[in-house]
Amino acid sequence: MATLPPGLQPYISPVPEALHYQLASLMFIVGFVLFSLLFIYQITNPKEARSLTREVLISMSISVLWGFAALFGMLTAGIYV
């Protein structure tokens with residue numbers, strides 16, 4: 001291993017590698033549950049009774065969860081992004 005110049009320290013990840021798979025799975029499952037709830041909400045409620053704010057907040061939550069699930073899935077597979 002190459003030595004670092006004085007005053008520098010190697011980068012240490014805040015999330016241990018052993019948790020990457022569990023985090024990817026958990027975030028995907030939670031995102032899928034929210035997606036299912038959003039789908040059911042849109043199917044069961046008439047257009048006039050829906051709330052745009054609620055739909056946008058749920059959609060943003062799903063997007064963030066699936067984005068991090070993809071990130072941790074790639075880290076699990078050894079694709080370091």
Side-chain angles (χ1 to χ4, degrees):
M1 182 168 153
T3 58
L4 293 172
L8 295 179
Q9 295 183 2
Y11 175 75
I12 299 172
S13 174
V15 179
E17 284 189 38
L19 292 179
H20 288 174
Y21 177 75
Q22 287 86 358
L23 284 172
S25 301
L26 177 70
M27 289 184 184
F28 179 75
I29 290 170
V30 171
F32 188 76
V33 168
L34 285 176
F35 176 74
S36 300
L37 291 174
L38 179 65
F39 183 76
I40 291 170
Y41 175 75
Q42 289 192 349
I43 295 297
T44 57
N45 290 334
K47 188 179 262 189
E48 298 80 24
R50 293 186 205 157
S51 169
L52 180 63
T53 307
R54 181 176 179 180
E55 291 179 19
V56 169
L57 287 175
I58 293 173
S59 299
M60 286 174 48
S61 301
I62 295 167
S63 178
V64 168
L65 285 167
W66 280 352
F68 277 110
L71 171 70
F72 285 115
M74 287 187 278
L75 290 175
T76 299
I79 303 170
Y80 297 103
V81 293

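Only a predicted model underlies this, so the values are computations on that prediction, with no experimental measurement involved.
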Heavy-atom closest pair, residues Leu19 and Val15: CB-CG1, 4.3 Å

Think Arg50 forms a cation-pi with Tyr41, using NZ or CZ under 6.0 Å from the six-ring centre and within 45 degrees of its axis? no

Residues 55-63, side-chain donor-acceptor partners within the protein, below 3.5 Å, at least two apart:
residue : atom : partner : partner atom : Å
Glu55   : OE1  : Gln42   : NE2          : 3.3
Ser59   : OG   : Glu55   : O            : 2.8
Ser61   : OG   : Leu57   : O            : 2.9

Treat each ILVMFWY residue as a node, draw an edge where side-chain heavy atoms are under 4.5 Å apart, and state whether Leu52 and Ile40 are in one component. no

For Phe35, which residues count as a ring pair (Phe, Tyr, Trp, His ring centres under 6.0 Å) partner, sequence neighbours excluded?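 Once residues adjacent in sequence are excluded, the partners of Phe35 under the ring pair (Phe, Tyr, Trp, His ring centres under 6.0 Å) criterion are Trp66.
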
How long is the straight-line distance from CG of Leu38 back to CD1 of Ile43, given to the nearest 0.5 Å? 10.0 Å

Mind listing the side-chain donor-acceptor pairs of residues 71-81 below 3.5 Å, one per line with the distance, residues two or more places apart or on another chain?
residue : atom : partner : partner atom : Å
Thr76   : OG1  : Tyr21   : N            : 3.3
Thr76   : OG1  : Phe72   : O            : 2.8

